[in-house]
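Below: the structure, in structure tokens.
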Amino acid sequence: MPEYQNLSLQIINFLIPFLVGSLIFFSVVVAPNVFISLDEKSARKFIRSIFPKLYLYAFLISITIAVLIIYHGTIYSVIFFIVSSGFLFSKFFLVKWINEISDIKQKTSKHVKKFKILHSLSVSIFIIQIICMTIVYVKV
């Protein structure tokens, strides 16, 4: 079993910074430049296409980490299962809700407020996930 634990630790020590780094790169470089470089229609189409894929990608990597990390601490595994579920929640619910609000042609102040709340929730979940993954990486 020690050989498996050593190998799993090496994989974990690669995957966590790989995932965190790719999420930060997407948030800091890709997403803002989409709105700078593309017209509104193309930017909207690209963002709607890429975010569900990003969340699926992050889910698959984080669930892999959750399984591998169980031998290094049940609490770390639980944290990664929660992180993983956050990506699924964002993919299947938040993206849908945000898109529904965005599609409304004549938005009222209530719609604008709801969009801001949903987008803030999405960003907050994302940041909390990155913080949790970073803390686990430092502790393992």
Should Tyr71 and Leu9 be marked as a side chain to side chain contact (heavy atoms under 4.5 Å, CB included) after you check the CA-CA gap, both sets of side-chain angles, and the distance that decides it?
CA-CA 9 Å; Tyr71 294 105; Leu9 188 59; over 6 Å; no

Which atom pairs, donor and acceptor, lie under 3.5 Å between side-chain atoms of residues 52-62 and protein residues at least two apart or in another chain?
{"from": "Lys53", "atom 1": "NZ", "to": "Ser49", "atom 2": "OG", "distance (Å)": "3.0"}
{"from": "Tyr55", "atom 1": "OH", "to": "Ser122", "atom 2": "OG", "distance (Å)": "3.4"}
{"from": "Tyr57", "atom 1": "OH", "to": "Ser22", "atom 2": "OG", "distance (Å)": "2.9"}
{"from": "Ser62", "atom 1": "OG", "to": "Ala58", "atom 2": "O", "distance (Å)": "2.8"}
{"from": "Ser62", "atom 1": "OG", "to": "Phe59", "atom 2": "O", "distance (Å)": "3.1"}
{"from": "Ser62", "atom 1": "OG", "to": "Ser84", "atom 2": "OG", "distance (Å)": "2.8"}

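- With rounding to the nearest 0.5 Å, the separation of CZ in Phe115 from CD1 in Ile98 is 6.0 Å.
- Here the closest non-hydrogen pair linking Ala43 and Leu38 is N-CB, 3.9 Å.
- His111 pairs by the ring-ring contact (aromatic ring centres under 6.0 Å, His included) definition with nothing, not counting sequence neighbours.
- At a cut-off of 3.5 Å, with distance as the only test, a side-chain donor of Asp39 or Ser42 sits close to an acceptor on the other residue.
- With rounding to the nearest 0.5 angstrom, the CG atom of Leu7 is 9.5 Å from the CD1 atom of Ile12.
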Worked verdict on Phe26 versus Phe51 for ring-ring contact (aromatic ring centres under 6.0 Å, His included):
CA-CA 10 Å; Phe26 182 83; Phe51 265 101; 5.2 Å; yes

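- Side-chain contact between Arg44 and Arg48 is present, with at least one heavy-atom pair separated by less than 4.5 Å.
- A heavy-atom distance below 4.5 Å is found between the side chains of Asn13 and Tyr137.
- Relative ring orientation between Phe18 and Phe14 is described as parallel, the plane-to-plane angle staying below 30° on a 0-90° scale split at 30° and 60°.
- With Ile130 as reference, Leu23 is the one residue of Leu23, Ile135, Val83 to meet the side chain to side chain contact (heavy atoms under 4.5 Å, CB included) rule.
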Carefully, step by step, assess Glu100 and Asp103 under the rule side chain to side chain contact (heavy atoms under 4.5 Å, CB included).
CA-CA 5 Å; Glu100 286 173 357; Asp103 288 343; 5.8 Å; no

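- Judged purely by atom type and a 3.5 angstrom limit, Lys107 uses its side chain to pair as donor or acceptor with the backbone of Ser102.
- Both Ile75 and Met133 belong to a single network of hydrophobic side chains, linked directly or stepwise wherever heavy atoms of I, L, V, M, F, W or Y lie under 4.5 Å apart.
- The hydrophobic clustering, which links ILVMFWY residues whose side-chain heavy atoms are closer than 4.5 Å, places Ile79 and Val138 apart.
- Counting Ile, Leu, Val, Met, Phe, Trp and Tyr side chains that sit under 4.5 Å apart, directly or through other members, Val78 shares a hydrophobic cluster with Ile82.
- At a threshold of 4.5 Å between non-hydrogen side-chain atoms, the residues Leu94 and Ile125 count as touching.
- The minimum heavy-atom distance linking Phe87 with Gln129 is given by the pair N-NE2, 3.2 Å.
- A heavy-atom distance below 4.5 Å is not found between the side chains of Phe35 and Glu40.
- Hydrophobic clustering, with ILVMFWY side chains joined whenever heavy atoms are under 4.5 angstrom apart, keeps Leu121 apart from Val112.
- Asn33 has its side chain within reach of Ile36: a pair of non-hydrogen atoms, C-beta onward, lies under 4.5 Å apart.
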Kindly indicate, with the supporting measurements, whether the criterion side chain to side chain contact (heavy atoms under 4.5 Å, CB included) is fulfilled by Ile65 and Tyr76.
CA-CA 9 Å; Ile65 295 166; Tyr76 302 137; over 6 Å; no

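- For the atom pair CD1 of Ile16 and CG of Leu68, the computed distance is 9.5 Å after rounding to the nearest 0.5 Å.
- Within 6.0 Å of the NZ atom in Lys116, the count of heavy atoms belonging to other residues, nucleotides or ligands does not exceed 12.
- Ile131 and Ile24 end up in different hydrophobic clusters when Ile, Leu, Val, Met, Phe, Trp and Tyr side chains are linked at under 4.5 Å.
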From CA spacing to verdict: side chain to side chain contact (heavy atoms under 4.5 Å, CB included), Phe126, Ser90:
CA-CA 9 Å; Phe126 202 77; Ser90 295; over 6 Å; no

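- Under the 4.5 Å side-chain heavy-atom criterion for grouping Ile, Leu, Val, Met, Phe, Trp and Tyr, Ile127 is not connected to Phe89 through any hydrophobic cluster.
- In this structure, CG on Leu19 lies 9.5 Å from OG1 on Thr134, to the nearest 0.5 angstrom.
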